[in-house]
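Only one structure is covered here, and it is reproduced in the block below.
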Amino acid sequence: MVAPSCASTAWAAGDADPLASALVQLDGYLDRLGLDTGALLLFDRRPTAPTIHERTTITATTSPAGRPVTLFRG
């Protein structure tokens, strides 16, 4: 069994939500590794971000290529 690939990115002040571009990037990693699933970690570093316990979530989403992705936001 192969572990899923994981990518991470940070959401900085003045930037748009990086989810869409991060999913595209993760798809590239998964393609190169020949994997069908992955995990994505998005760290919200904006000064206006809600408190950590309010913004931390774990959800399921789908990459642009249709792969299942576990999404961690915090």
Side-chain angles (χ1 to χ4, degrees):
M1 180 175 183
V2 177
S5 179
C6 182
S8 66
T9 191
W11 187 354
D15 292 346
D17 186 340
L19 178 59
S21 62
L23 285 170
V24 170
Q25 183 179 20
L26 179 60
D27 256 340
Y29 297 155
L30 298 174
D31 275 341
R32 285 192 295 279
L33 295 169
L35 298 174
D36 296 328
T37 187
L40 178 60
L41 291 78
L42 293 179
F43 299 100
D44 193 342
R45 297 186 53 207
R46 299 170 302 154
T48 59
T51 62
I52 191 71
H53 73 274
E54 292 174 321
R55 70 178 184 253
T56 301
T57 60
I58 301 172
T59 58
T61 191
T62 305
S63 75
R67 293 179 176 96
V69 173
T70 301
L71 175 62
F72 301 84
R73 284 186 177 260

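Atom set for the values below is all heavy atoms of this structure, side chains included, hydrogens, waters and symmetry mates excluded.
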Practice item. For residues 53-64, pull every pair meeting salt bridge (charged side-chain N to carboxylate O under 4.0 Å, His left out), keeping only residues two or more places apart or in separate chains. Key: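 For residues 53-64, and leaving out neighbouring residues, there are no salt bridge (charged side-chain N to carboxylate O under 4.0 Å, His left out) pairs at all.
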Check your understanding: Does any pair with a residue in residues 59-74 pass salt bridge (charged side-chain N to carboxylate O under 4.0 Å, His left out), and if so which ones, sequence neighbours excluded?
Key ->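 Output for this query lists D17-R73, D27-R67, D31-R67.
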Between [atom1] on residue [X] and [atom2] on residue [Y], distance to nearest 0.5 Å:
X	Y	atom1	atom2	answer
T9	L19	OG1	CG	10.0 Å
L71	L42	CG	CG	5.5 Å
T61	L40	OG1	CG	9.0 Å

[X] and [Y]: which non-hydrogen atoms are nearest, and at how many Å?
X	Y	answer
A7	L26	CB-CD1, 3.9 Å
P64	V24	CG-CG2, 3.8 Å
P47	A13	CD-CB, 3.5 Å

**Study point:** All side-chain contact (heavy atoms from CB on, under 4.5 Å) counterparts of S8, not counting sequence neighbours
**Key:** L41, F43
Check your understanding: For the hydrophobic clusters of this structure (ILVMFWY residues joined by side-chain heavy atoms under 4.5 Å, transitively), does one cluster hold both L35 and V69?
Key ->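 Same hydrophobic cluster.
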